[in-house]
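In what follows, a structure is listed as structure tokens, so that the remarks can point back to it.
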Amino acid sequence: MFKKIIMLSAVLIAVSGCAPEVGSKKWCEALEEKPKGDWTANELADYSKHCLFRDDEE
């Protein structure tokens, strides 16, 4: 049981390390490629906050 928890934790850490940081230029671009109907409420809020009026100097 303990080994399964450790393995699951390692997988979650590895997967989370691959995703771009919310609000980054890469994150905004990746979300723009995703069909709008598949966006979550949190993604919509974060996109509105970070991407709509973004200054592309990053």
Side-chain angles (χ1 to χ4, degrees):
M1 175 78 175
F2 186 70
K3 286 183 181 182
K4 287 182 183 181
I5 292 172
I6 297 296
M7 288 182 63
L8 179 59
S9 298
V11 168
L12 290 175
I13 290 170
V15 170
S16 67
C18 297
E21 181 180 347
V22 173
S24 69
K25 185 175 180 180
K26 285 187 176 190
W27 182 85
C28 293
E29 291 170 351
L31 198 59
E32 288 168 0
E33 296 295 320
K34 185 176 179 179
K36 305 249 186 302
D38 293 342
W39 290 15
T40 65
N42 286 341
E43 288 173 331
L44 177 59
D46 288 336
Y47 182 84
S48 299
K49 181 178 178 183
H50 298 289
C51 305
L52 287 180
F53 302 107
R54 116 174 270 114
D55 200 8
D56 283 333
E57 294 178 10
E58 286 183 36

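Values in this document were obtained by computation on a predicted structure and should not be read as measured data.
Of all heavy-atom pairs between H50 and V22, the closest is CD2-CG1, 4.4 Å. Residues Y47 and C28 share a closest heavy-atom pair of CE1-O, 4.2 Å.
Put simply, CG on L44 and NZ on K49 are 13.5 Å apart, with the number rounded to the nearest 0.5 Å. Of the inter-residue distances, the one linking T40 atom OG1 with D46 atom CG reads 7.5 Å to the nearest 0.5 angstrom.
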Verdict with reasoning, K34 to W39, per side chain to side chain contact (heavy atoms under 4.5 Å, CB included): CA-CA 7 Å; K34 185 176 179 179; W39 290 15; 3.8 Å; yes
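Within a 6.0 Å sphere centred on CD of E21, heavy atoms belonging to other residues, nucleotides or ligands number 12 at most.
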